[in-house]
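Here is the structure we will look at, set down as structure tokens.
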Amino acid sequence: MARILIVSNRLPVTASKSEGKINFIPSVGGLATGISSFHQNHDCLWIGWSGIARDKMDKNDKKEIISQLKKLKNYPVFLSQSQIEAYYDGFCNKTIWSLFHSFTQYTIYDNILWDEYKKVNKIFCQTILDVVKPDDIIWIHDYQLMLLPKLLRQRIPNLTIGFFLHIPFPPQEIYRQLPWRREILEGILGADLIGFHTYDYVRNFLDSELRLLGDEQNMGYINYQNRMLKVDTFPMGIDYERFSMAIQNTDTQKEVEKIRKQIGGRKIILSIDRMDYTKGIVERLKAYEIFLQENPEYLEKVILIMLAVPSRTRVEQYQHLKHQIDELVGKINGKYGSIGWVPIWYLFRSLPFSELSALYHIADIGLITPLKDGMNLVAKEFIASKDNAKGVLIISEMAGAANELGEALIVNPNNKLQISWALKYALHMSEAKQIKRNKIMQKRLKNYDVKKWADDFKKSLMQVKEKQEEFSAKIFTPKKRLQIIKDYQKSKNRLFLLDYDGTLVNIEYKFKTIKPGKDVLNTIQQLIQDKKNQVVIVSGRGKEILEKWFKDIHVGLIAEHGALLRKNNGIWETTEPFKKEWKQQIKPLLQLYVDRTPGSFIEEKEYSLVWHYINTNPFFGQIRALELRDALLHLTSNFNLEVLHGGKVIEIKPMGINKGLTAYRWISQKDWDFIMAIGDDWSDEDTFATLPDAAYSIKVGAGSSQSKYNINSSTEVRAFLRELSKK
Ligand code: ADP
Ligand code: G6P
């Protein structure tokens, strides 16, 4: 089994130095707590920042840190104080964290911070290179290391790299505000598999990728620089067993008793977060105040236990938040409290597991209302800890976890009145209802726990690798090229079936302008100068345009995906008596989509209609194309028509028109001793399918195909054809 190198900014333990001694404490935050159990139970090495600045330790400290971490299967990255300030406090937490959570008002853009982010990502890269073994799987986590996948890929091209983002990926109109938006995307795309917690984040990522880099995407696969990679949803789970069994520990039981003694029979509302402005703590407190104000009968009968773990305390926004919360808690406790009762118990520190799990167990209500949260594991931990399935979770719809916790009370974190109502509703909810709802959620969380999550990610990563290998086995290597050249030289009757768009020329932005340049025409001329060669252009284009472009060149032409053909005598023939009347009925629907989709247009050919969306906004165009395809499938069911979706077009044509059938007319004409077909899309697959076994078929691009080989680009196609013609 391959070893996994987990790489994240923060290790599961954080080192600090006090009175000359190095101490380690467990790290907080969903990433560290969530992955820890997976890390412990697998052959893993976890690489990350040790927690102390390099300049604050001597040689012995460093040695001590390395050796202590080694025992925990951790490996440290050492950063200087200034790097930590500019990279971690700076770019990570003043630029990316805020922007990705859509807090644009807190986001700063500073080139110095960006430079440091790049440098630290390189330091991580070098640290990995020091320890990596050839079969290792690299699993990189989170927004602090978004350049790392590409850096590693450049150094070890075949490395297996997964990347997981634990925070939201913002909508493209927010993401594009980032001055380094391309670099960050390119950095992430160095991975083979890119994971997000929710489908919304996947969609946002793909949308930004398409608009900014414009790569071909298909069902979550991206064809990026001739490497196929995958983007998918993996909602992170928790160590379900640990939380559900926690109450069996005597330490936890003791804590429960202790809390119960102090609180008596009051109802407990529990709020747990890192102290972070994304968590909606201020809004939550205000909502609680409204609740107390509106429901005086609950005074002295409830208590809000609010746990906030100190986080990123050097960053101004976090300091400001702490002051704001201190003040608000003081104000509410002062205003509503009485002798013997404080409405809010506020703890600003980390707690050991026994205390944390006791709180989860004993709380009547979990009040978790982030303004934006990638996932939120606290909500899942609360539900898992309810061994008797009693308790009510109130969760913000802005938390990724809300997608999986539909039986909870879901609230808008900005709607304080709604939160206050939810509190009242929760306090009144019958036990039977609580149990019913919680059991459903528990089952779900148990089934997809953190182990399943990590296994699922790993399995998916290996599948992507397999797909890439299948593809690379077909890559047009110099050795294969040489074999073809030998066969070419030996042969006397050669047939070339060449697709046009995407094969002889690149598919470009302006569809209509791709007429053959000198390079294309010269390549064909050179090929046909040899009388042993017959060239046929097998295109989806109309006959007029093909005729215009290849007027004086002695080539066979197949137009409209096989509906028409021109033999060497220059006369066009229809391959079958195809019908055309249907066009009048379909055209108005296409026109409607042209009106609704700026940049799209209709191409009318003799036997087919095409809706082109290459010049539309890519994301919008794709959505419209899917809608149109569905609408057409209904409309065309009465006609004998085919609807084809490919290469930024939706094409409607009579059933039976097929490049392969028409190409076969050429194939069967003579006893060819060398046949080569080259194409780039779905329509060329029909040609490949009709070829005899000995023929050579080549697909341009990385997608899957029944071709024998894949070649990278039309530039390479032309170069190869020229090379052949010189032999
Ligand atoms: P984030 O990753 O943004 O911090 P999550 O809710 O996903 O938010 O994860 C927080 C993690 O930190 C949880 O696993 C939770 O158990 C842990 N945690 C939160 N507060 C405390 C605390 N006061 N003491 C110990 N652990 C805590
Ligand atoms: C979130 C982030 C993690 C981060 C954690 C704690 O969970 O997604 O990457 O480690 O918060 O934040 P910190 O800045 O202390 O590492």
Side-chain angles (χ1 to χ4, degrees), residues 6-14 16 25-37 46 48-51 84 87-94 96-98 100-101 140-146 163-169 196-197 201 235-240 242-243 246 255 270-281 305-315 317-318 345-360 366 368-385 393 395-396 398-402 405 450 453:
I6 297 174
V7 191
S8 68
N9 174 59
R10 195 174 279 288
L11 285 171
V13 288
T14 301
S16 61
I25 50 160
S27 303
V28 284
L31 192 168
T33 57
I35 300 172
S36 285
S37 62
W46 193 326
W49 171 46
S50 64
I84 293 164
Y87 147 80
Y88 170 71
D89 295 335
F91 196 77
C92 292
N93 290 323
K94 293 181 187 163
I96 299 295
W97 178 268
S98 45
F100 279 38
H101 284 84
I140 301 167
H141 293 266
D142 233 359
Y143 64 103
Q144 301 90 345
L145 299 173
M146 291 189 286
F163 177 81
F164 194 88
L165 191 75
H166 290 258
I167 65 173
F169 195 92
F196 296 92
H197 286 304
Y201 310 153
M236 186 178 185
I238 54 166
D239 185 349
Y240 187 87
R242 184 168 184 235
F243 285 93
E255 288 303 329
L270 180 65
S271 142
I272 301 189
D273 317 84
R274 268 182 316 102
M275 174 73 86
D276 196 299
Y277 53 83
T278 58
K279 301 289 183 181
I281 304 173
I305 302 185
M306 197 178 87
L307 220 60
V309 201
S311 183
R312 305 172 195 166
T313 45
R314 284 184 304 262
V315 180
Q317 295 298 352
Y318 289 75
W345 266 21
Y346 168 40
L347 303 179
F348 180 57
R349 62 187 162 87
S350 188
L351 292 187
F353 184 71
S354 55
E355 289 181 39
L356 186 73
S357 54
L359 282 170
Y360 279 138
I368 320 242
T369 54
L371 300 174
K372 190 83 204 158
D373 206 336
M375 171 50 76
N376 198 295
L377 296 183
V378 168
K380 294 186 171 182
E381 292 167 359
F382 173 80
I383 293 292
S385 305
L393 172 66
I395 175 112
S396 155
M398 309 299 174
L405 300 171
V450 71
W453 170 78

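As the structure lists them, so they are numbered: ligands from 1, and atoms in each ligand from 1. In what follows, residues are counted from 1 in the order of the sequence shown.
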**Prompt:** Any ion pair linking R312 and D89 (charged N to carboxylate O, less than 4.0 Å)?
**Reply:** no
**Request:** Kindly say whether V309 contributes a backbone atom to a donor-acceptor pair with the side chain of S350 at under 3.5 angstrom?
**Result:** no
**Message:** D373 versus ligand 1: do any nitrogen or oxygen atoms come within less than 3.5 Å of each other?
**Reply:** no
**Request:** Verify whether the ring centers belonging to H166 and Y143 lie closer than 6.0 Å.
**Result:** no
**Request:** Look at ligand 1 and say whether M375 reaches it with a heavy atom at a distance under 4.0 Å.
**Result:** no
**Message:** Please classify the N376 to ligand 1 contact at 4.0 Å (heavy-atom distances, strictly less than): side chain, backbone, both or neither.
**Reply:** both
**Asked** Taking the non-hydrogen atoms of E355, is any one of them nearer than 4.0 angstrom to ligand 1?
**Response** no
**Part of H166 with heavy atoms under 4.0 Å of ligand 1, whether side chain, backbone, both or neither** = neither
**Prompt:** ligand 1 and W97, any nitrogen or oxygen pair closer than 3.5 angstrom?
**Reply:** no
**Exercise: identify the closest heavy-atom pair between G366 and F382** = N-CZ, 3.2 Å
**Asked** What about the rings of F353 and F243, do their centers lie closer together than 6.0 Å?
**Response** yes
**Prompt:** Going by heavy atoms in the side chains, are V450 and Y240 under 4.5 Å from each other?
**Reply:** no
**Request:** Could you go through the side-chain contact (heavy atoms from CB on, under 4.5 Å) check for I35 and H141 one step at a time?
**Result:** CA-CA 10 Å; I35 300 172; H141 293 266; 3.2 Å; yes
**Top protein contact for atom 4 (O) of ligand 1, by heavy-atom distance** = R274 NE, 2.6 Å
**Request:** Distance to 0.1 Å, residue and atom name: give those for the protein heavy atom nearest to atom 19 (C) of ligand 1.
**Result:** I272 CG2, 3.5 Å
**Prompt:** Taking the side chain as C-beta and beyond, is there a heavy-atom pair between I167 and H197 under 4.5 Å?
**Reply:** no
**Prompt:** Are any non-hydrogen side-chain atoms of L165 and F100 less than 4.5 angstrom apart?
**Reply:** yes
**Prompt:** Going through the checks in order, is the salt bridge (Lys or Arg N to Asp or Glu O under 4.0 Å) test met by D142 and R10?
**Reply:** CA-CA 10 Å; D142 233 359; R10 195 174 279 288; over 6 Å; no
**Asked** Using the ring of each side chain (for Trp, its six-membered ring), is W49 parallel, tilted or perpendicular to Y88, with breaks at 30° and 60°?
**Response** tilted
**Asked** How far is atom 12 (O) of ligand 1 from its nearest protein heavy atom, and which residue and atom name does that atom have?
**Response** G29 N, 3.5 Å
**Asked** Is K94 close to V315 at the side-chain level, that is, under 4.5 Å between some pair of heavy atoms?
**Response** yes
**Message:** At under 4.0 Å between heavy atoms, is it the side chain or the backbone of T278 that contacts ligand 1, or both, or neither?
**Reply:** neither
**Message:** Out of all atoms in ligand 1, which are within 4.0 Å of some heavy atom of R349? Include the element for each.
**Reply:** 23 (N)
**Message:** Quick check on the 6.0 Å ring-centre criterion: do Y318 and W97 meet it?
**Reply:** no
**Message:** For a quick test of reading the model, state the closest non-hydrogen atom pair linking I238 to A384 and the distance between them.
**Reply:** CD1-CB, 3.6 Å
**Prompt:** Can you tell me which residue and heavy atom of the protein come closest to atom 17 (C) of ligand 1, and the distance to 0.1 Å?
**Reply:** T33 CG2, 4.2 Å
**Prompt:** Which residue supplies the protein heavy atom nearest to atom 8 (O) of ligand 1, what is that atom called, and how far is it?
**Reply:** K279 NZ, 3.1 Å
**Asked** Who's the nearest protein heavy-atom neighbour of atom 15 (C) of ligand 1, and how far?
**Response** E381 OE1, 3.3 Å
**Prompt:** Where does L377 meet ligand 1, judged by heavy-atom distances below 4.0 Å: at the side chain, the backbone, both, or neither?
**Reply:** both
**Request:** Non-hydrogen atoms closer than 4.0 Å to ligand 2: which protein residues do they belong to? List them by chain and number, please.
**Result:** R10, V28, G29, G30, L31, Y88, W97, D142, Y143, Q144, H166, I167, R274, R312
**Complete:** ligand 1 to L356, heavy atom cutoff 4.0 Å, flagged ligand atoms 16 (O), 26 (N)
**Where Y346 and A308 come nearest, the two heavy atoms and their spacing** = CE1-CB, 4.4 Å
**Asked** With a 4.5 Å limit on heavy-atom distance, are the side chains of T278 and D373 in contact?
**Response** no
**Item:** Closest protein heavy atom to atom 10 (C) of ligand 1, given as residue, atom name and distance to 0.1 Å
**Value:** G30 N, 3.6 Å
**Message:** Is there a polar contact between ligand 1 and L351, counting only N or O atoms under 3.5 Å apart?
**Reply:** yes
**Asked** So which of V309, D273, L307 gets nearest to atom 20 (N) of ligand 1, if we judge by its closest heavy atom?
**Response** V309
**Request:** Pick one of side chain, backbone, both or neither for how V378 approaches ligand 1, counting any non-hydrogen atom pair under 4.0 Å.
**Result:** both
